Amino acid sequence: MGSQGGGRQPKYQRIALELKAAIETGEYGPGDRLPGENDLMAAHAVARMTARQAIGVLRAEGLAEARKGAGVFVREYRPIRRRGVQRLSAGLWGEGRSVWSMDAEGWDLKLDSVSVAEESPPEAIRSLLGLAEGAPVCLRRRRYALNGRPVMLATSHLDAGLVAGTAITEIDTGPGGIYARLGEIGHRPVRFREEIRSRMPAPLETDRLSLPAGTPVVLIRRTAFTEEGTAVEVNDMVLDSSAYILEYDFTP
């Protein structure tokens, strides 16, 4: 009962298309409850499996999310605008503001988890930082949340020997964050490189970001360089793709 022959679309796909059209026209807005399996079974005279597959299409495409005991709802999309160039201006962190504070303007975006450790880096990180074999890194792991919902994980790698004894090794790095502290010890970042790609999340990322099914993540690796061209930080970020718009404003 879930499909028909003759080259026609399976019923669950047709139902999914109808639901998507209703979302696009505003019949169902962000946060609205969608028809459940029983509603779809009655409205379309289909089996429960067909109704479940139709809802599954919307969830897999990131248009809907299930809330335990409440039903399936249209996902709310109110993205954070991440200004990739302006946020790295020395005028920002040089005045004691953190880089991520620009993303937080107009939002309740908070740093909700921080840990600091000294660990052996992967080969790729060791190579980027120009570290000797066996040299450890200072590893700063953070999680950021928007209105209580996790939206980004960030892991900074720095030469442990370089930052030893500075506030970079503390939970609170102080006004201006990591870059301001690097400047104080003569290693001020003046140039940055970001590499961006996307994939489906690993299980730990899904858990840490509380990601609904079907939500990919955006990976950003930012490397900070001094005037001499020395890499002083590699920051690996994992973003909930539904929470961000990446904006790059520059003159070629």
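Everything numeric here is computed off the predicted structure, so don't read it as measured data. Values reported hereafter were calculated over all heavy atoms of this structure, with side chains retained and with hydrogens, waters and symmetry mates removed.
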Legend entry - side chain to side chain contact (heavy atoms under 4.5 Å, CB included) against Pro201, all qualifying residues, sequence neighbours excluded: Glu205, Thr206, Leu211, Val217
Legend entry - Residue Met49 excluded, over 12 heavy atoms near CE under 6.0 Å: no
Legend entry - Test item: Thr230 side-chain N/O and Thr226 main-chain N/O as donor-acceptor pair under 3.5 Å: no
Legend entry - Side chain proximity check, Pro189 to Glu233, heavy atoms < 4.5 angstrom: no
Legend entry - Distance in Å, Tyr179 OH paired with His187 NE2, rounded so as to fall on 0.5 Å steps: 15.0 Å
Inset, instruction - Indicate yes or no for a side-chain donor-acceptor contact from His157 to the backbone of Val234 under 3.5 Å, with no hydrogens or angles considered. - result: yes
Legend entry - Identified side chain to side chain contact (heavy atoms under 4.5 Å, CB included) counterpart of Pro121 within the set Val137, Asp159, Leu129, Leu158: Val137
Inset, instruction - Scan for salt bridge (Lys or Arg N to Asp or Glu O under 4.0 Å) pairs involving residues 144-153, sequence neighbours excluded, and state none if there are none. - result: Arg149-Asp240
Legend entry - With sequence neighbours excluded, residues passing side chain to side chain contact (heavy atoms under 4.5 Å, CB included) with Arg67: Glu65, Ala70, Phe73, Glu76
Legend entry - Which atom of Thr169 lies closest to which atom of Ala164, heavy atoms considered: CG2-CA, 4.4 Å
Legend entry - Shared hydrophobic cluster for Tyr244 and Leu209 (ILVMFWY, side-chain gaps under 4.5 Å): no
Inset, instruction - Using atom types as modelled and distance alone, determine if a side-chain donor or acceptor of Arg140 lies under 3.5 Å from a backbone N or O of Ile168. - result: yes
Legend entry - Reported CG-to-OG distance for the pair Leu111 and Ser113, which is rounded to 0.5 angstrom: 7.5 Å
Inset, instruction - Treating Ile, Leu, Val, Met, Phe, Trp and Tyr as nodes and any side-chain heavy-atom pair under 4.5 angstrom as an edge, say whether Val46 and Val72 lie in one connected cluster. - result: yes
Inset, instruction - Output yes when a side-chain donor or acceptor of Arg143 lies under 3.5 Å from a complementary backbone atom of Val151, and no otherwise. - result: no
Inset, instruction - Would you mind reporting whether Leu19 and Val57 have side-chain heavy atoms less than 4.5 Å apart? - result: no
Legend entry - Nearest-0.5 Å distance that lies between atom CZ in Arg8 and atom CD in Gln13: 12.5 Å
Legend entry - Partners meeting salt bridge (Lys or Arg N to Asp or Glu O under 4.0 Å) with Asp236 (sequence neighbours left out): Arg221
Legend entry - Ser127 side chain vs Ala124 backbone, donor-acceptor pair below 3.5 Å: no
Legend entry - Non-hydrogen atoms of Ile15 and Ala54 that approach each other most closely: CG2-CB, 3.7 Å
Inset, instruction - May I ask you to decide if Gln9's main-chain N or O and Arg14's side chain share a donor-acceptor pair within less than 3.5 Å? - result: yes
Inset, instruction - Could I get the full list of salt bridge (Lys or Arg N to Asp or Glu O under 4.0 Å) partners for Arg141, not counting sequence neighbours? - result: Glu119
Inset, instruction - Decide yes or no for Arg188 and Glu227: does some side-chain heavy atom of the first lie under 4.5 Å from some side-chain heavy atom of the second? - result: no
Legend entry - Rounded distance (nearest 0.5 Å) linking atom CZ of Arg48 with atom CG of Asn38: 4.5 Å
Legend entry - Nearest atoms (heavy-atom pairs only) where Met41 meets Ala51: CG-CB, 4.0 Å
Inset, instruction - For the residue pair Ile178 and Asn235, establish whether any side-chain heavy-atom pair is separated by less than 4.5 Å. - result: no
Legend entry - Contact check, side chains of Thr50 and His44, non-hydrogen atoms, under 4.5 Å: no
Inset, instruction - Could you grab the distance from atom CZ of Arg199 to atom OG of Ser241, nearest 0.5 Å is fine? - result: 11.5 Å
Legend entry - Residues forming a salt bridge (Lys or Arg N to Asp or Glu O under 4.0 Å) with Glu123, sequence neighbours excluded: Arg126
Legend entry - Same cluster (ILVMFWY, side-chain, under 4.5 Å), Val74 and Ile55: yes
Inset, instruction - Answer whether the closest heavy-atom distance between the side chains of Leu58 and Lys20 falls below 4.5 Å. - result: yes
Legend entry - Side-chain donor or acceptor of Arg181 paired with backbone N/O of Thr173 under 3.5 Å: yes
Legend entry - Validation row: Glu118, Cys138 side chains within 4.5 angstrom (heavy atoms): no
Inset, instruction - Give the cluster check for Ile171 versus Tyr144: same hydrophobic cluster or not, with ILVMFWY residues linked at side-chain heavy-atom distances below 4.5 Å. - result: yes
Inset, instruction - Look at the side-chain heavy atoms of Ile, Leu, Val, Met, Phe, Trp and Tyr, link any pair under 4.5 Å apart, and say whether Met237 and Ile196 land in one connected group. - result: yes
Inset, instruction - With rounding to the nearest 0.5 Å, note down the distance linking CG in Leu63 to CG in Leu34. - result: 9.0 Å
